[in-house]
> 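Dropping a structure here in structure tokens format, bear with me for questions.
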Amino acid sequence: LWPWLLASSGLSALVQLVTLPFFPDSPSYLLIQKGNEEACRKAIRKLWGEGDHQAEIDDIMKEKGAMASTKTLRVLEVLKERSLRWQLYILMTVMTTLQLCGINAIYFYSFEVFHTAKFEEYLIPYVSLGIGLCECLSSILCSTLIDRFGRKVLLWGGYLLMCSVLALLTMTLSLQHRFFWMHYFSVILIFLFVVFYGIGP
């Protein structure tokens, strides 16, 4: 079954490969990059139907003007630019914490935790698949929550809850040989961690 599941990801790529030639180019790309206003109008008509789309074209022209007045910085210039220093720090912090938050360790050790929890061998891959599905669903949930609470609240809340879950998971894994029910609690914590990861970072 696993080879088929892995191969199924190629199905979406095949659909894109077949259908992509029939999609129009982006109107903004045609006007800003190519400078072809007629092709831009044609693409807009294909996307939005017939009608007066001059307002959209004017917006794209304003965007083109704004881009022309903006200087493109090299990597070294971005690092030296004082006005971008805080944005750079925030970006580096978010990306570093994303890599070191523990999600890779959770995925790596989940098989062992499920095995210790006395799950049947044939069920473990499906439980692991459930973890991936759980992350996917929580990411969809995050897209609905982000407008309501903001990115900052979700990041702080996600990391705080993930830290709490990791602390509890460390405790349950240490005590799993004393209490038989600790294995199941560890499994629940793994799922919770993945949910908080999907909602937060």
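Throughout, numbering of the chain's residues begins at 1 and tracks the sequence.
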> How far apart are the closest heavy atoms of F193 and V165, and which atoms are they?
CB-CG1, 3.7 Å
> Check E38 with K42, please: is the shortest side-chain N to carboxylate O separation under 4.0 Å?
no
> Counting only heavy atoms not in K64 (residues, nucleotides, ligands), do more than 12 fall under 6.0 Å from its NZ?
yes
> State whether the side chain of R45 and the backbone N or O of C40 hold a donor-acceptor pair below 3.5 Å, judged by distance alone.
no
> Linking Ile, Leu, Val, Met, Phe, Trp and Tyr through side-chain heavy atoms less than 4.5 Å apart, which residues share a cluster with Y184?
none
> Should the heavy atoms of other residues, nucleotides or ligands under 6.0 Å from OH of Y29 be counted, would the total exceed 12?
no
> Under 30°, 30 to 60°, or over 60°: which ring-plane class applies to H183 and H177, parallel, tilted or perpendicular?
perpendicular
> More than 12 non-hydrogen atoms from neighbouring residues, nucleotides or ligands closer than 6.0 Å to OH on Y159, yes or no?
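More than 12 heavy atoms, drawn from other residues, nucleotides or ligands, come within 6.0 Å of this atom.
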> Roughly how far, to the nearest 0.5 Å, is CG of D25 from CG of L31?
12.5 Å
> Look at the side chain of E77 and the backbone N and O of R74, then say whether any donor-acceptor pair between them is shorter than 3.5 Å.
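Indeed, once roles are kept as given, a pair shorter than 3.5 Å links the two residues.
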> Would you compute the distance between atom CE of M182 and atom CG of L189 and round it to the nearest 0.5 angstrom?
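The CG atom of L189 is 9.5 Å from CE of M182, to the nearest 0.5 Å.
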> Identify the two heavy atoms, one from I199 and one from S138, that lie closest to each other, and give their separation to 0.1 Å.
CG1-O, 3.8 Å
> Could you tell me the separation between the CG atom of L173 and the CG atom of L168, rounded to the nearest 0.5 Å?
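With rounding to 0.5 Å, CG (L173) is 11.0 Å from CG (L168).
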> Specify the closest pair of heavy atoms between G200 and L155, including all atoms of both residues, with the distance to one decimal.
O-CD2, 4.3 Å
> If you count heavy atoms of other groups shown closer than 6.0 angstrom to OH of Y107, is the number above 12?
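More than 12 within 6.0 Å, yes.
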> When rounded to the nearest 0.5 angstrom, what distance separates CE in M92 from CG in L88?
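Here the rounded value is 6.0 Å.
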> Describe, in one word, how the ring planes of W86 and Y89 are oriented to each other, choosing from parallel (under 30°), tilted (30 to 60°) and perpendicular (over 60°).
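Because their plane-to-plane angle is over 60°, the rings of W86 and Y89 count as perpendicular.
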> Any chance you could measure I57, atom CD1, to E37, atom CD, to the nearest 0.5 Å?
5.5 Å
> When rounded to the nearest 0.5 angstrom, what is the spacing between SG in C136 and CG in L141?
11.5 Å
